[in-house]
Amino acid sequence: MADIESFLKDLKMLEIHLPYSVKLIFELKSRFNLKQIHLKELLEIIRADNSEAEIMRAFIYEKIKEYLNACTDCPLHLSDSCTQKVPGEGCLNSPLMLIGEGPGFDEDKLGRPFVGRAGQLLTTILNKLDINRQKVYISNVVKCRPPMNRTPYARETKACSRNLELELTFIAPKVIIALGSVPLNYFKPGSSIMRERGKWIYTRDIWIMPTFHPAYILRQQGKALNKTKWDVWDDFNKALNKVRELCPEYSFN
Ligand code: SF4
């Protein structure tokens with residue numbers, strides 16, 4: 001442990017900023033004495049159904065929060081609307097990850113993603129699909145609440161990619177539901193959610209299903225509301241069927 005700590009300190013002195021995922025791989029290997037193991041093997045160990053893997057997942061989650069809390073990579077954390085960082089939450093070995101745009105008022109207040117009205121709607125959709133919310137991993141592209149809930153700027157999503165990439169590395173989802181335009185454009189820049197929703201994107205060995213953000217559903221009325229609900233329902237079903245095809249052994253209950 002002392003070796004890795006002094007190595008990381010040296011890098012810091014030299015102003016070399018490792019991606020968080022690389023930093024955590026070093027720390028994990030050192031902490032659990034896994035020196036000769038490659039990332040693929042490491043991920044298999046972490047995903048195992050045993051108590052040691054559970055301890056490792058808890059260690060990883062604590063590190064995700066520790067790096068995030070120390071993050072000053074963009075000015076969003078200085079905004080009056082941001083009182084705390086909001087990490088992703090859920091099951092670290094879930095094959096399904098849901099990614100939204102950024103925290104809103106309620107999320108900022110509670111320090112948890114998707115807990116306001118839009119979050120309650122998301123939980124309802126998951127429950128109707130017989131998915132326990134605790135059995136998926138839910139996160140956002142940016143982890144600090146933007147002023148007046150505005151859309152994060154490109155430079156902010158780029159800065160915060162260090163945090164999202166860390167989550168993506170260790171959760172290694174098979175399927176992602178991209179909730180709205182910001183996460184869609186994270187994976188496929190220059191896209192329109194109106195054109196791309198419901199169409200699979202396959203990149204980085206992950207199947208990505210873009211759909212509307214629950215907050216968008218809440219803004220609809222009349223016939224548009226009905227259509228939007230059915231569109232989102234179809235998209236979630238497609239994503240769930242893909243997870244079942246790829247990981248039939250995984251239980252969402
Ligand atoms: S939004 Fe992301 S990159 Fe910007 S300060 Fe917050 S955690 Fe760091």
I'd like to know if E89 pairs up with R133 as an ion pair, taking the criterion as any Lys NZ or Arg NE/NH1/NH2 lying under 4.0 Å from an Asp or Glu carboxylate oxygen.
yes
Under 3.5 Å, side chain of K63 to main-chain N/O of L24, donor-acceptor pair present?
no
Other residues, nucleotides, ligands: >12 heavy atoms within 6.0 Å of K29 NZ:
yes
Does L96 reach the side chain of P173, with side-chain heavy atoms less than 4.5 Å apart?
no
Gap separating the CG atom of D130 from the CZ atom of F252, nearest 0.5 angstrom:
10.5 Å
Looking only at heavy atoms, which two atoms of L98 and L179 are closest? And how far apart?
CB-CD1, 4.2 Å
Backbone of I217 reached by a side-chain donor or acceptor of K229 within 3.5 Å
no
List the steps, then state whether side-chain contact (heavy atoms from CB on, under 4.5 Å) holds for F170 with R47.
CA-CA 9 Å; F170 283 95; R47 301 179 87 82; over 6 Å; no
Which atom of K143 lies closest to which atom of L68, heavy atoms considered:
CG-CD1, 3.4 Å
Just so I know, are the side chains of N185 and T157 near enough to count as touching, which here means a heavy-atom distance under 4.5 Å?
no
Between L78 and M148, is there shared hydrophobic-cluster membership here, with clusters defined by ILVMFWY side-chain heavy atoms closer than 4.5 Å?
no
Output, in order, the C-alpha distance, side-chain angles, deciding distance and verdict of side-chain contact (heavy atoms from CB on, under 4.5 Å) for R204 and F187.
CA-CA 9 Å; R204 301 160 54 167; F187 293 104; 4.3 Å; yes
Spell out, yes or no, whether V115 and V86 are grouped together once hydrophobic residues are joined by side-chain heavy atoms under 4.5 Å, including indirect joins.
no
To the nearest 0.5 Å, atom OG of S94 lies from atom CD1 of I138 at 9.5 Å
Contact between K188 and K199 at the side-chain level, heavy atoms closer than 4.5 Å - yes or no?
no
Taking the side chain as C-beta and beyond, is there a heavy-atom pair between L76 and C82 under 4.5 Å?
no
Are the side chain of T228 and the backbone N or O of A224 linked by a donor-acceptor pair below 3.5 Å?
yes
Decide whether L122 and L225 are clustered together by the hydrophobic rule: side chain heavy atoms of Ile, Leu, Val, Met, Phe, Trp, Tyr closer than 4.5 Å, transitively.
yes
Reported CZ-to-CG distance for the pair R31 and N33, which is rounded to 0.5 angstrom:
10.5 Å
Is it true that atom CD of Q220 has more than 12 heavy atoms of other residues, nucleotides or ligands lying nearer than 6.0 Å?
yes
Does the pair D231/K227 count as a salt bridge with the N-to-O cut at 4.0 Å?
yes
Around atom CG of N50, are there more than 12 heavy atoms from other residues, nucleotides or ligands closer than 6.0 Å?
yes
When you measure from the side chain of R162 to the backbone N and O of L18, does any donor-acceptor pair fall under 3.5 Å?
yes
For the CG atom on N253, are there more than 12 heavy atoms of other groups (residues, nucleotides or ligands in this structure) within a distance under 6.0 Å?
yes
4.5 Å side-chain heavy-atom contact, H77 and T72
yes
Looking at E107 and G116, would you say the former's side chain and the latter's main chain have a donor-acceptor pair under 3.5 Å?
yes
Lys/Arg N to Asp/Glu carboxylate O, R150 vs E156, below 4.0 Å
yes
side-chain contact (heavy atoms from CB on, under 4.5 Å) evaluation trace for Y20 with C71:
CA-CA 11 Å; Y20 289 143; C71 180; 4.0 Å; yes
Heavy-atom closest contact (C91 atom, Y137 atom, distance)
O-CB, 3.6 Å
Would you check if K174 and Y250 make a side-chain contact, meaning some heavy-atom pair closer than 4.5 Å?
no
Spatial distance of atom CD (E196) from atom CD1 (I208) [nearest 0.5 Å]:
11.5 Å
Joint cluster assignment, I171 & L39, ILVMFWY side-chain distance < 4.5 Å
yes
I want to check something: taking the side chain as every heavy atom from C-beta on, are D106 and Q120 in contact at a cut-off of under 4.5 Å?
no
Crowded around K238 NZ? As in, over 12 foreign heavy atoms under 6.0 Å?
yes
Pair R145-S81, side-chain donor/acceptor within less than 3.5 Å
no
Pair V142, E101 - check side-chain contact (heavy atoms from CB on, under 4.5 Å), show working.
CA-CA 6 Å; V142 296; E101 177 177 313; 5.8 Å; no
All heavy atoms of D108 vs all of Q84, minimum pair found to be O-NE2, 2.8 Å
With rounding to the nearest 0.5 Å, note down the distance linking NE2 in H213 to CG in L218.
9.5 Å
Indicate the atoms forming the closest heavy-atom contact of V141 with C160, along with that distance.
O-CB, 3.6 Å
Linking I/L/V/M/F/W/Y whenever any side-chain heavy atoms sit under 4.5 Å apart, do F105 and V182 land together?
no
Closest heavy-atom contact between N140 and P103?
ND2-N, 3.9 Å
Are the side chains of F236 and L126 in contact, using a 4.5 Å heavy-atom criterion?
yes
Aromatic rings W207 and W200: how do their planes relate, parallel, tilted or perpendicular, breaks at 30° and 60°?
perpendicular
Please determine if K65 and E62 form a salt bridge, counting it only when a charged side-chain N lies under 4.0 Å from a carboxylate O.
yes
In Å and rounded to the nearest 0.5 Å, what is the CD1 to CD1 distance from I25 to I37?
12.0 Å
